Amino acid sequence: MSENRKVFVKTYGCQMNVYDSERMVAALGPTGYTQTDRVEDADMILLNTCHIREKAAEKVYSELGRLKPLKRDNPDLVIGVAGCVAQAEGEEILRRQPLVDLVVGPQAYHRLPALEQAARAGAKPVDTEFPEEDKFSHLPRGPKMRRAPSAFLTVQEGCDKFCAFCVVPYTRGAEVSRPAERILDEARDLVDRGVREITLLGQNVNAYHGPASGGEWSLAQLIGALADIDGLLRIRFTTSHPNDMQDDLIEAFGSSEKLMPYLHLPVQSGSDRILKAMNRRHTAQNYIDLIERIRTARPDLLLSGDFIVGFPGETEADFQDTLRLVEAVGYGQAYSFKYSARPGTPAAERDEVSDVDKTDRLARLQALLSAQQKAAQEAMVGREVKVLFEKTGRQSGQLVGKSEYLHAVHATCDSARIGAVVPVRITSAAPNSLAGEVI
Ligand code: SAH
Ligand code: SF4
Ligand code: F3S
């Protein structure tokens, strides 16, 4: 193996990118690379980019511009662009920013060692091909390093839903599920390394239908098999589409002790007209009924969602429908965005709602969602939750972790209990975290 080299990875966007960044470092391991968090020490810099927000590509170009002095000081530095902007822009990145040495799309990370070599030889490779087989299957596992108690595991990638506003079907490609046995192997390996909670990842994770013994498994079947792993205490999954919430998955919320009572289920809008224009393929009432069924299975479920305001054609009346849906459903936590046109998506031709209206609607929606979140946080005071402690907190003697509902919780506790699930009585609530006492 070659000399000791260092790679610096900067990650933008969703959890899938966080996961992929880890895999890129792992893929480069056998070629002599270890990760550094000091950009000035790096022999290679990778920007793992996200394309979901407006001007995402522009921001990547200005970030790249800032790397110029580093390249000047170290001509051997390899600069790579990965992630969804890499997939969307491809060759264009090399044209616009000559200091980039390689471009790699999310489906080609297993080829990174070869791309790095080609880049060192001066080739400027661009790889945005989609592979025929599981891109994670031939990744080296490396030495059995201890891991933090909570980890992500990709089970599904890509999306066939084609919501009219979204780039993901173009940047991540068609929906592909990983074979169940590979996922189980990876999960066992994570548990051996100290992981106690696994969050299954996918752009449309509940559409999972992976090859398995006896045919195909649904996400609920996969969760059932994962739950049999000793030492794995908690299972979560994200992100889901309402139309893929199958009966067995809803039942799992009631029957599986390891599946945590938290669900991120984006609805985007409460207006049937806008939902139709968004190509979401369900109505507001379908969603409300679905939530009711899930809450029947798991009454204490904490629900999270995503909303877009100002989608082309959205009127004040449509927006009022969204507010009504939020009132009817009740969220413990949520993300909301102003619509922004993504080039290449069907909705991008039209961007009709003025920014003034978007800003106004977003403020009103966020006021409602924050009030719901605040009430949900305050309702936790006095309650007992089970916290998986993940790390030490800011104050000495303090640990922080997550409740079963994914609240961030801090409490005074012995650091030996990092990785353990500990009962905690909540004593106070802040907007984004809870404080408590170990029982
Ligand atoms: N696969 C996931 C999320 C994909 S992107 C899902 O289906 O929920 C995360 C969120 O970004 C979306 O839920 C949506 O609310 C928001 N988003 C995506 N494209 C957007 C756009 N063009 N403008 C504004 N928000 C957008
Ligand atoms: Fe994008 Fe999610 Fe719609 Fe797929 S389901 S197109 S990832 S918003
Ligand atoms: Fe962004 Fe790509 Fe994830 S566009 S949200 S990094 S799938």
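One-based numbering along the sequence shown. Just so you know, ligand 1 is whichever comes first in the structure, and atom 1 is the first atom listed for that ligand. Worth knowing before you read on, the calculation uses all heavy atoms, side chains too, and leaves out hydrogens, waters and symmetry mates. Quantities reported herein were computed from a predicted structural model and do not represent experimental measurements.
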Please report which non-hydrogen protein atom sits nearest to [atom], along with the residue it belongs to and the distance in Å to one decimal place.
{"atom": "atom 22 (N) of ligand 1", "answer": "S340 O, 2.7 Å"}
{"atom": "atom 7 (O) of ligand 1", "answer": "R280 NH1, 4.0 Å"}
{"atom": "atom 15 (O) of ligand 1", "answer": "Q268 OE1, 2.7 Å"}
{"atom": "atom 10 (C) of ligand 1", "answer": "D306 OD2, 3.4 Å"}
{"atom": "atom 11 (O) of ligand 1", "answer": "R53 NH2, 3.5 Å"}
{"atom": "atom 5 (S) of ligand 1", "answer": "I52 CD1, 3.4 Å"}
{"atom": "atom 6 (C) of ligand 1", "answer": "T239 CG2, 3.8 Å"}
{"atom": "atom 1 (N) of ligand 1", "answer": "Q203 O, 2.6 Å"}

Number the atoms of ligand 1 from 1 as they appear, then name those within less than 4.0 Å of a heavy atom of [X], with their elements.
{"X": "R342", "result": "22 (N)"}
{"X": "F165", "result": "18 (C), 19 (N), 20 (C), 21 (C), 22 (N)"}
{"X": "P266", "result": "8 (O)"}

If we count only N and O atoms by modelled type, under 3.5 Å, do the side chains of [X] and [Y] hold a donor and an acceptor together?
{"X": "Q156", "Y": "N206", "value": "no"}
{"X": "Y339", "Y": "E314", "value": "no"}
{"X": "Q377", "Y": "Q373", "value": "no"}

For this session: Please list, in chain and residue-number order, the protein N/O/S atoms closer than 2.8 Å to atom 4 (Fe) of ligand 2.
Result: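 Only C159 SG fall inside 2.8 Å of atom 4 (Fe) of ligand 2.
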Problem set entry | Protein N/O/S neighbour count - atom 2 (Fe) of ligand 3, strictly under 2.8 Å |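 That number is 1, waters not included.
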Presence of salt bridge, [Y] and [X], under 4.0 angstrom:
{"X": "D360", "Y": "R364", "answer": "yes"}
{"X": "E186", "Y": "R182", "answer": "no"}
{"X": "R5", "Y": "D76", "answer": "no"}
{"X": "K6", "Y": "D41", "answer": "no"}
{"X": "E89", "Y": "R95", "answer": "no"}
{"X": "D185", "Y": "R188", "answer": "yes"}
{"X": "E116", "Y": "R120", "answer": "yes"}
{"X": "E292", "Y": "R295", "answer": "no"}

For this session: For S256, enumerate each residue passing the side chain to side chain donor-acceptor pair (under 3.5 Å) test, keeping only those at least two apart in sequence or located in another chain.
Result: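 Once residues adjacent in sequence are excluded, S256 has no partner under the side chain to side chain donor-acceptor pair (under 3.5 Å) criterion.
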For this session: With heavy atoms only and a cut-off of under 4.0 Å, state how K161 meets ligand 1: side chain, backbone, both or neither.
Result: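 It is neither; nothing of K161 touches ligand 1.
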Problem set entry | Per-residue contact class, F337 against ligand 1 - non-hydrogen pairs under 4.0 Å |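 Just the side chain.
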For this session: Establish, yes or no, whether a centroid distance under 6.0 Å links the rings of F8 and Y33.
Result: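 So the answer is no for these two rings.
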Backbone of [Y] reached by a side-chain donor or acceptor of [X] within 3.5 Å:
{"X": "E157", "Y": "V176", "answer": "no"}
{"X": "R234", "Y": "I198", "answer": "no"}
{"X": "Y12", "Y": "H51", "answer": "no"}
{"X": "D127", "Y": "E129", "answer": "yes"}

Problem set entry | Sub-4.0 Å heavy-atom approach of R172 to ligand 2 |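 R172 does not count as a contact of ligand 2 under the 4.0 Å cut-off.
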Exercise. Under 4.0 Å from atom 24 (C) of ligand 1, do we find at least one protein heavy atom?
Worked result: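 Answer yes: something from the protein, a heavy atom, is under 4.0 Å.
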So, does [X] sit close enough to ligand 1 that a heavy atom of it is under 4.0 Å from the ligand?
{"X": "K338", "result": "yes"}
{"X": "I308", "result": "yes"}
{"X": "H241", "result": "no"}
{"X": "N204", "result": "no"}

Exercise. Which residues satisfy the salt bridge (charged side-chain N to carboxylate O under 4.0 Å, His left out) test with R324, sequence neighbours excluded?
Worked result: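 Here the qualifying residues are D321.
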Exercise. Judging by distance only, is a nitrogen or oxygen of Y339 under 3.5 angstrom from one on ligand 1?
Worked result: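 No, there is no polar N/O contact under 3.5 Å.
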Exercise. Got an N/O contact under 3.5 Å between S240 and ligand 1?
Worked result: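 In fact, backbone or side chain, S240 has no N or O that close.
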Exercise. Counting only heavy atoms not in E92, do more than 12 fall under 6.0 Å of its CD?
Worked result: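 Buried by this count: over 12 neighbours within 6.0 Å.
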For this session: Go through ligand 2 atom by atom and flag the ones less than 4.0 Å from a non-hydrogen atom of F165.
Result: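 Close to F165: 8 (S).
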For this session: Please say which of F165, Y331, F319 ends up in a ring pair (Phe, Tyr, Trp, His ring centres under 6.0 Å) with F307.
Result: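 Only one of F165, Y331, F319 forms a ring pair (Phe, Tyr, Trp, His ring centres under 6.0 Å) with F307, namely Y331.
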